[in-house]
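Below, read A as the first sequence line, B as the second, and so on, with proteins coming before strands; counting in each chain starts at 1. Only a predicted model underlies this, so the values are computations on that prediction, with no experimental measurement involved. All values below were derived from every heavy atom in this structure, side-chain atoms included, with hydrogens, water molecules and symmetry-related copies excluded.
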2 protein chains.
Amino acid sequence: MAKLHRLVTAVLRLAAAAAAGAAAIIMVTSHETTYLFGLELEAKYSHTPAFIFFVAAYGVACAYSLLVLPVRPGSAGARLVVMADVIMGMVLTGAVAATGAIAEVGRNGNSHAGWLPICGQVQDYCSHVMGALIAGFVALVVYFLVIMYSLHVIADPMCPCH
Amino acid sequence: MAKLHRLVTAVLRLAAAAAAGAAAIIMVTSHETTYLFGLELEAKYSHTPAFIFFVAAYGVACAYSLLVLPVRPGSAGARLVVMADVIMGMVLTGAVAATGAIAEVGRNGNSHAGWLPICGQVQDYCSHVMGALIAGFVALVVYFLVIMYSLHVIADPMCPCH
């Protein structure tokens, strides 16, 4: 049983690290220059605080997932890792939500606040951000599975692994 | 020990319910009408999808915290509640992050996207949203303590309560 737990956790963590790394890289490489009425407009992720937070959160999540890979389920360290997993899951949720909220304004604007949509002018940039959001959401779902699986294991009184 | 666990959890849950309820109410009541160049401008929470999500998330969190109050720590139901707590914590983090991201644009604008700050025109509205964010953040911190305390209790092999 302990071996199966370890295998499932390792596979999930590797998948989480891959998706998180992809999300951070796709966001960092989102960049477009366009011309409007003769003016050069440059769109890149570092212009928006929420997107910088996204890159930082997913970069850390990718490194963290690889770092905790050797921790054995059922060990004293594993209990701390579950707590760290929950914190990481919350940080990633925050990053996806903040990025999603800003991307929504970029796509639809907000007529009440007088904010115009910008995705018509910088379509490539918007698709790139959307790609990062999708990868980020996949990483978040995998993370969620890691947390739920760990909780299931540590909360099971019949489990011989603690 | 089981009695102490129950007391600590109940106090934390009541505090979380109070803060979550306050956050939802402060956000719902954020409303301001102002005049600019003879035009009537109305600012209210329902103009922004992220703020509607905030109200829904905190409303549900308030009701949920009261509903799970009678669940005894260590019972089979308590394990499910820990999983539900983690989900709730992630949803609240998402609500705070999305609301915070939009509020930041309202306060500072985003010159690259051509979005002007609006807090100069609707100061009362902005302070109200900021109040909701602070109450929401307090509720989130209390929720986080509930989750960490539950994890500590269920992961402790010396604990006589499971």
Side-chain angles (χ1 to χ4, degrees), chain A residues 36 41-44 46-51 53-54 57 74 76 78-80 82-83 85-87 89-106 108-119 121-122 140 143-144 147-148 150-157 162, chain B residues 36 41-44 46-51 53-54 57 74 76 78-80 82-83 85-87 89-106 108-119 121-122 140 143-144 147-148 150-157 162:
Chain A
L36 198 69
L41 286 179
E42 195 188 17
K44 56 181 178 179
S46 57
H47 289 164
T48 306
F51 294 178
F53 173 45
F54 184 93
R79 281 175 218 128
L80 281 179
V82 175
M83 292 186 178
D85 279 342
V86 171
I87 296 171
M90 289 170 91
V91 170
L92 293 190
T93 312
V96 165
T99 301
I102 299 293
E104 196 272 334
V105 177
N108 303 321
N110 187 325
S111 57
H112 302 285
W115 300 334
L116 295 173
I118 58 158
C119 282
Q121 276 81 49
V122 282
L140 186 58
Y143 240 94
F144 180 72
I147 296 170
M148 289 296 132
S150 306
L151 284 181
H152 171 74
V153 170
I154 63 166
D156 184 2
H162 65 269
Chain B
L36 198 68
L41 284 179
E42 195 188 15
K44 55 182 180 179
S46 57
H47 289 165
T48 306
F51 294 179
F53 172 46
F54 183 94
R79 283 176 216 126
L80 283 179
V82 174
M83 292 186 177
D85 279 342
V86 171
I87 297 172
M90 289 170 90
V91 170
L92 294 190
T93 312
V96 164
T99 302
I102 299 294
E104 196 272 334
V105 177
N108 303 321
N110 187 324
S111 57
H112 303 284
W115 300 336
L116 295 173
I118 58 158
C119 281
Q121 276 81 50
V122 282
L140 187 58
Y143 240 94
F144 180 73
I147 296 170
M148 288 297 132
S150 306
L151 284 182
H152 170 74
V153 170
I154 63 166
D156 183 3
H162 66 267

Between A:M90 and B:T93 the two heavy atoms that sit nearest each other are O-CG2, 3.1 Å
d(B:R79 CZ, A:H152 NE2) to nearest 0.5 Å is 10.5 Å
Between B:A113 and A:I118, the two heavy atoms sitting closest are O-CG2, 3.5 Å
Minimal heavy-atom distance between A:L116 and B:W115, with the atoms involved, is O-NE1, 2.9 Å
Comparing A:M148, A:E104, A:K44, A:H47 against chain B, the one with the most heavy-atom pairs below 4.5 Å turns out to be A:H47
Whatever's closer than 4.5 Å to a heavy atom in chain B on A:T48 counts as both
ask   = Is any side-chain heavy atom of A:V91 closer than 4.5 Å to a side-chain heavy atom of A:F53?
value = yes
Ranking A:I102, A:V82, A:V122 by heavy-atom pairs under 4.5 Å to chain B gives rank one to A:I102
Cut-off 4.5 Å, heavy atoms of chain A, and the answer for B:V86 is side chain
If you tally heavy-atom pairs under 4.5 Å between each of B:A43, B:A97, B:G94 and chain A, the highest tally belongs to B:A97
Bottom line for B:I147: the part with an atom under 4.5 Å from chain A's heavy atoms is side chain
